Amino acid sequence: MGSRLTSQSPAPLQLGLGYTFALTAAAFFGVGGIIAKAAFNSGVQPSILAEWRVLFAFLVFISIFAALRLDLRIRRSDLPMFAIFGIVGLAGVSLIYYEAIKRIPIGVALVIEYTGPVLLLIYARLRGRAVGGRLWIAAALAVLGCFFAAGAYDARLRELNALGLALAAMDSFFFALYFALGERLGKTYRTPTLLVWGFGFALVGWSVVHPPWLLPWTETTVDGYVQIAAVVVIATVIPFALTLAAVRLIPAARVGLAATFEPVVAAVAAWIALGEHLDPLQIAGGVVVLIGIGIAQSLRPTAESV
């Protein structure tokens with residue numbers, strides 16, 4: 001077991017490292033979303049990809065940390081919290097997000113999902129932690145910039161279906177819960193412990209709904225496995241490890257705000273890799289997101305504040 005670096009105000013190095021981890025994770029998530037969308041277009045079902053993502057990520061983490069002989073033990077009293085963290089926070093976020101972007105544009109789903117950081121600020125305020133006015137402004141700018149960077153203002157909004165919107169709204173709650181639980185558990189346990197037990201419980205949850213041996217092992221093509229491997233590494237192993245490392249260094253709400261960098265990266269990645277148009281409003285939205293993150297980063301949290 002380990003503990004957060006300090007229970008007081010984070011040192012400048014700790015704060016900078018936390019934001020670096022969070023922004024890098026957002027960048028990997030952004031690129032990973034493009035890869036996942038390509039997998040859907042080639043016939044991979046969202047639920048199947050989400051289960052494979054959990055299964056292979058767990059195998060990667062348990063193999064690496066077992067080889068390093070790290071102490072991954074947890075207290076029995078923390079098992080229920082880890083179960084919620086894994087089943088709802090890890091498996092739930094991925095599945096609901098994939099089901100949402102199957103029905104509505106990625107940009108719209110991301111904008112709704114990234115209201116999660118605002119929920120975290122509200123939760124922190126209700127628990128008696130101070131939330132400065134500039135942090136609310138930073139959150140508003142990040143969500144607003146996310147709206148434009150993701151292209152959610154597009155006329156296709158008129159074609160959205162209710163189920164897709166409801167799933168994206170549900171995912172914003174799961175997203176906030178994931179960060180909140182990650183921050184709370186991170187005060188006691190190190191990142192490897194959170195990853196192994198979190199993905200372990202996520203796999204248990206999946207096994208109840210759809211056992212791994214029922215996955216289309218033989219029906220999946222070589223190209224399909226390449227896409228799955230890319231999603232596991234780029235959109236799962238690296239960014240989840242970085243995100244959970246970040247919430248051990250800076251407040252979860254700050255990590256959530258930094259995560260709004262994802263649609264900016266996704267838009268640029270789609271422009272470079274897929275040749276999609278990047279219009280001035282998207283560029284302006286990306287700038288606004290960065291301004292919001294910059295404001296949040298300039299405010300040093302204390303033990304009593306977010």
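On a predicted model such as this, the values are computed, not experimentally measured, just so you know.
Take Glu99 and apply the side chain to side chain donor-acceptor pair (under 3.5 Å) test, not counting sequence neighbours, and it matches Arg103.
In terms of modelled atom types and a separation under 3.5 Å, the side chain of Glu113 and the main chain of Ala168 share no donor-acceptor contact. Checking side-chain atoms of Tyr225 against main-chain N and O of Trp217 turns up a donor-acceptor pair under 3.5 Å. Counting only distance, with no hydrogens or angles, the side chain of Arg248 and the backbone of Tyr189 share a donor-acceptor pair below 3.5 Å. Looking at Arg53, its side chain never comes within 3.5 Å of a backbone N or O of Ile48 through a donor-acceptor pair. Looking only at distances, a side-chain donor or acceptor of Ser94 sits under 3.5 Å from a matching main-chain atom of Leu90.
Residues Leu15 and Ile250 have side chains in contact (heavy-atom distance under 4.5 Å, counting atoms from C-beta outward). For the pair Phe58 and Val237, the minimum side-chain heavy-atom distance is 4.5 Å or more. Proximity of Thr236 to Val60: side-chain heavy atoms (C-beta onward) are nowhere separated by under 4.5 Å. Contact check for Arg76 versus Leu79: side-chain heavy atoms found under the 4.5 Å cut-off. For the pair Ser42/Gln227, a side-chain contact is recorded, criterion being any heavy-atom separation below 4.5 Å from C-beta on. For the pair Phe56 and Ile228, the minimum side-chain heavy-atom distance is below 4.5 Å. Between Val289 and Leu144 the shortest side-chain heavy-atom distance does not fall below 4.5 Å. The shortest side-chain heavy-atom distance between Trp52 and Thr220 falls under the 4.5 Å cut-off.
Placement of Val247 and Leu119 in two distinct hydrophobic clusters is found when ILVMFWY residues are connected by side-chain heavy-atom separations under 4.5 Å, directly or transitively. The hydrophobic clustering, which links ILVMFWY residues whose side-chain heavy atoms are closer than 4.5 Å, places Ile96 and Leu163 together. In this structure, Leu181 is a member of the same hydrophobic cluster as Phe173, with clusters built from ILVMFWY side-chain heavy atoms closer than 4.5 Å. Residues Leu141 and Val143 do not share a hydrophobic cluster, defined by chaining ILVMFWY side chains whose heavy atoms lie under 4.5 Å apart. With hydrophobic clusters built from ILVMFWY side chains whose heavy atoms lie under 4.5 angstrom apart, Leu59 shares a cluster with Ile238.
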Self-check item: From CA spacing to verdict: side chain to side chain contact (heavy atoms under 4.5 Å, CB included), Leu165, Ile112
Solution: CA-CA 8 Å; Leu165 292 173; Ile112 297 174; 3.7 Å; yes
Quiz prompt | Candidate pair His210 and Leu215, rule side chain to side chain contact (heavy atoms under 4.5 Å, CB included), full reasoning | solution = CA-CA 8 Å; His210 187 263; Leu215 286 168; 4.1 Å; yes
Quiz item: What do the steps show when you test Leu195 against Phe65 for side chain to side chain contact (heavy atoms under 4.5 Å, CB included), and what is the final call?
Solution: CA-CA 10 Å; Leu195 291 168; Phe65 300 140; 4.1 Å; yes
Quiz prompt | Worked check of side chain to side chain contact (heavy atoms under 4.5 Å, CB included) between Ser172 and Tyr97 | solution = CA-CA 9 Å; Ser172 69; Tyr97 174 67; over 6 Å; no
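Annotation: ring pair (Phe, Tyr, Trp, His ring centres under 6.0 Å) contacts involving residues 230-254, sequence neighbours excluded, comprise Phe29-Phe240, Tyr178-Phe240, Phe199-Phe240.
Taking CG of Leu242 as the reference point, atom CG of Leu23 lies at 10.5 Å (rounded to 0.5 Å). Rounding to the nearest 0.5 angstrom, the gap separating the CZ atom in Arg254 from the CZ atom in Phe179 is 14.0 Å. Here the CD1-CG distance, from Ile84 to Leu177, works out to 7.0 Å after rounding to the nearest 0.5 Å. To the nearest 0.5 Å, atoms CG (Leu72) and CZ (Arg190) are separated by 8.5 Å.
Classification of the Trp197-Phe201 ring pair by plane angle, with boundaries at 30° and 60°, yields tilted. The aromatic rings of Phe85 and Phe82 stand perpendicular to each other, their planes meeting at an angle above 60°, with 30° marking the opposite boundary.
Of all heavy-atom pairs between Pro117 and Ala253, the closest is CB-O, 4.4 Å. Summarising the geometry of Ala235 relative to Pro239, their closest heavy-atom pair is C-CG, 3.4 Å, with the distance given to 0.1 Å. The shortest non-hydrogen separation linking Thr191 to Ala241 is CG2-O, 3.7 Å. Across every non-hydrogen atom of Glu183 and Pro251, the tightest pair is OE2-CA, 3.3 Å. Nearest heavy atom pair, residue Ala296 against residue Leu135, reads CB-CD1, 3.9 Å. Nearest heavy atom pair, residue Ile295 against residue Arg134, reads CG2-O, 3.7 Å.
Side-chain atoms of Arg73 and Thr193 include no donor-acceptor pair closer than 3.5 Å.
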Tell me which donor-acceptor pairs under 3.5 Å the side chains of residues 255-263 have, and how far apart each pair is, sequence neighbours excluded?
from: Thr260; atom 1: OG1; to: Leu257; atom 2: O; distance (Å): 2.5
from: Glu262; atom 1: OE1; to: Tyr114; atom 2: OH; distance (Å): 2.1

